[in-house]
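Bear in mind the structure is a predicted one, so any value in this text is a computation, not a measurement.
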Amino acid sequence: MIDIKNIREHHSSLEKDLKNRDQSISLKKIIEADINLRELTKKLNDLQSEQNKQSKEIGILKSQGKSDDSIFAKLKKLSNTIKDLEAEHREKSKKLKDMLLEIPNIPHESVPVGKTEKENIIVKDCVSKKKIDCKPKSHVDLAQDLDLIDFEVGAKISGAGFPLYKGNGALLERVLINFMIDFHLKNYNYTEFFTPFLVKPNSAITTGQLPKFEEDMYHVEKDGLYLIPTAEVPLTNIHQDDILELIDLPKYYLAYSACFRREAGSYGKDTRGLLRVHQFNKVELVKFVRPESSYDELESLVGQATKLLDLLELDYRVIELCSGDLGFSAAKCYDLEVWAPGEEKWLEVSSCSNFEDFQSRRGNIRFRDEDGKIDYLHTLNGSGLATPRIFAALLETHQNQDGSIKIPVALQPYMGLAEIK
RNA sequence: GGAGAGGUGGCCGAGUGGUUUAAGGCGCACGCUUGGAAAGCGUGUAAGGUUAAUAGCUUUCGCAGGUUCGAAUCCUGUCCUCUCCGCCA
């Protein structure tokens, strides 16, 4: 959520920045509503002040046994006026807040301006150190041939997009999760969490999935809960409504979670195999940091995630997203993509974002600085990493001519195998 | 799912309609005192909105409504926590 004061003071430059992301955004209605609401607030405050004063006087008179009933009629009228104004105020401030919740974050000044993914910038390209000496097979074929995943039975149980991992496939999936968690814990100063997978609407508002992207989430209507699309949601909301002390910052949290996405609107896209599924596994990294350091923290987050890709011996590139391709809550974002030689596609396996104070405002997550001043902190997150596409890229990259899969050295102690055949 | 108890400031806790402008305590900060410390004494100690303001005004006693001139206090709904019973991995 953008600070209303910021909009009040810099609406024309903000609107320009937001239009780089989406031409259709306008702040006009918000500015009008804000002016209107502030007038109303002023009026209401003055009347409340009057009412408080008079009520107190009645109290004093009563305690002296000198009450005078004639004043009540006058105050009744005042009281009714206040009630009407309060109702109006409630309604208008909710409307303003609802409008603000629909406005995406302002792109950081360093973000390249552009309309579509075509204008994204490749900032790092680590391509092909290795050659595959056969025509690479797709992970779908490899997984089926080696009996690692049963897509049909998954579909029988739950529908398309719910892969059933099996045998060494199930093991590899579990190993990937453990390997990634251990890597972050061993090399960086993270606290591990295991979070709820169902969250209240408020939590999804904090991180930006709600109210705008309701359609993308699985909703358990009977209980009013949503299945998380990423552990970012519960992790970030750990500090909902908190005021953190400076000494506690930065905070680095991580969690594995299953992730649930309806993928509404992307039917027919990447339907085969593991490229786009409704349920998948991911290790998520979340940082709570003081504002001055958030861009350094973003760079180190990207470095941390790419280190994993090095260890998994995958070819990858780092993409800096342009303004038009930026996610709703992000001020700046890097995507990590791995090369899948069988699919002959780049697969997005991580997204590392700085949200600045966008989420912390929505979730009321603050900190106290050295002068005792309270302000919103900055949040960041990055996948570290999402398994299904890693799984796919691993099979396709490390396949041998005979159809077996070489396990990267770093994973071998976890797998207890050097290859899957 | 049933029955009961309870949600008040950083923490504990008083408060059943009006000087509550939330008592008192703990903790914390600063000062006095001291060779230094402890104890003692004193002062201060929530967040939001408005504002140049750390002035004033205002909102907030889980949350949302309601009654009343006036609500932490009364009423209704709701959420959460705890205890017991039932069911259960």
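For the residue pair Glu214(A) / Gln209(A), no side-chain donor-acceptor distance below 3.5 Å is found, with atom types taken as modelled.
The separation of A55(B) from U50(B), taken at their C1' atoms, amounts to 13 Å, rounded to a whole angstrom. Here, U73(B) and U67(B) have their C1' atoms 13 Å apart, quoted to the whole Å. U43(B) and U51(B): their P atoms are spaced 35 Å apart (whole Å). Straight-line distance between the C1' atoms of U33(B) and U19(B): roughly 37 Å, to the nearest whole Å. Across the C1' atoms, C85(B) and A29(B) are found 50 Å apart, a figure rounded to whole Å. For the C1' atoms, the distance linking G9(B) with A46(B) amounts to 6 Å, nearest Å. Spacing between G24(B) and U20(B) at atom P, rounded to whole Å, works out to 11 Å. Comparing C61(B) with C11(B), their C1' atoms sit 16 Å apart, to the nearest whole Å.
The aromatic rings of Tyr218(A) and Phe260(A) sit perpendicular to each other, their planes meeting at more than 60°, with 30° as the lower class boundary. Ring-plane geometry between His184(A) and Tyr190(A) is classed as tilted, the angle between the planes lying from 30 to 60 degrees on a 0 to 90 degree scale.
Protein atom CD of Glu57(A) is 12 Å distant from nucleotide atom C1' of C69(B), rounded to whole Å. Glu245(A) places its CD atom 14 Å from the C1' atom of C11(B), with the value rounded to the nearest Å. Following rounding to the nearest Å, Lys200(A) (NZ) and U78(B) (P) show an atom-to-atom distance of 16 Å. Between Glu86(A) atom CD and G70(B) atom P the separation is 10 Å, expressed in whole Å. Taking atom CG of Asp241(A) as the reference point, atom C1' of A46(B) lies 14 Å away to the nearest angstrom. Going from atom NZ of Lys83(A) over to atom C1' of U68(B) covers 7 Å, rounded to whole Å. Atom CD1 of Ile82(A) is separated from atom C1' of U58(B) by 11 Å (rounded to the nearest Å). For Gln48(A) and U50(B), the CD to P distance is 15 Å, given to the nearest whole Å.
Put simply, Asn52(A) has no side-chain N or O that comes within less than 4.0 Å of OP1 or OP2 on G70(B). Not one side-chain nitrogen or oxygen of Lys56(A) sits closer than 4.0 Å to the OP1 or OP2 atom of G18(B). Within the structure, every side-chain polar atom (N or O) of Arg38(A) is placed at least 4.0 Å from both OP1 and OP2 of U58(B). Listed pair Lys5(A) / U50(B) meets the phosphate criterion, a side-chain N or O lying under 4.0 Å from OP1 or OP2. The side chain of Arg366(A) places an N or O atom within less than 4.0 Å of a non-bridging phosphate oxygen (OP1 or OP2) of G48(B). Contact between the side-chain N/O atoms of Gln51(A) and the OP1/OP2 oxygens of G70(B) is found at a separation under 4.0 Å. Side-chain nitrogen and oxygen atoms of Ser79(A) include at least one within less than 4.0 Å of the OP1 or OP2 phosphate oxygen of G70(B). Residue Arg368(A) places no side-chain N or O under 4.0 Å from the OP1 or OP2 atom of A46(B).
Pairing for C61(B) is absent, judged as Watson-Crick or G-U wobble with the two contacts each under 3.5 Å. Searching all strands for a Watson-Crick or G-U wobble partner of G86(B) with both distances below 3.5 Å returns nothing. Under the Watson-Crick and G-U wobble criteria, each requiring two contacts below 3.5 Å, nucleotide U81(B) is paired to A5(B). In this structure G56(B) sits in a base pair with U50(B), meeting the Watson-Crick or G-U test at under 3.5 Å. Across all strands shown, A72(B) has no partner, as no Watson-Crick or G-U wobble contact with both distances under 3.5 Å is found. With a cut-off of 3.5 Å on both Watson-Crick or G-U wobble distances, the partner of A37(B) is given as none. For G17(B), there is no paired base (Watson-Crick or G-U wobble, both distances below 3.5 Å). Across all strands shown, G10(B) pairs with C26(B); the Watson-Crick or G-U wobble distances both stay below 3.5 Å.
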| query | Arg366(A) and Asp241(A): side-chain contact (heavy atoms from CB on, under 4.5 Å), yes or no, with the steps? | reply | CA-CA 7 Å; Arg366(A) 296 172 294 173; Asp241(A) 293 321; over 6 Å; no
Margin query: Run the side-chain contact (heavy atoms from CB on, under 4.5 Å) test on Tyr414(A) and Asn178(A) for me, step by step, so that the C-alpha distance in whole Å, both residues' side-chain angles and the decisive distance to 0.1 Å come before the verdict.
Written below: CA-CA 8 Å; Tyr414(A) 286 82; Asn178(A) 280 336; 4.1 Å; yes
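Comparing Lys53(A) and Ile243(A) against RNA chain B, the residue whose closest nucleotide sits nearer the 5' end is Ile243(A). Both Thr41(A) and Ser49(A) lie close to RNA chain B; mapped to their nearest nucleotides by heavy-atom distance, the more 5′-ward contact belongs to Thr41(A).
Residue Arg90(A) has its side chain nearest to G66(B) when only C69(B), U67(B), G66(B) are considered. Taking every side-chain heavy atom of Arg8(A) into account, U50(B) is the closest of A47(B), U50(B), U58(B).
Nucleic acid contact for Ile374(A): sugar-phosphate only, since backbone atoms but no base atoms lie under 4.0 Å from a heavy atom of the residue.
A ring-ring contact (aromatic ring centres under 6.0 Å, His included) with His239(A) is found for exactly one of Tyr376(A), Phe367(A), Tyr253(A), namely Tyr253(A).
Cation-pi geometry between Lys251(A) and Phe288(A) is not met: the NZ or CZ atom fails to fall both under 6.0 Å from the ring centre and inside 45° of the normal.
Residue Ile407(A) holds its CD1 atom at 10.5 Å from CD of Glu313(A), rounded to the nearest 0.5 Å.
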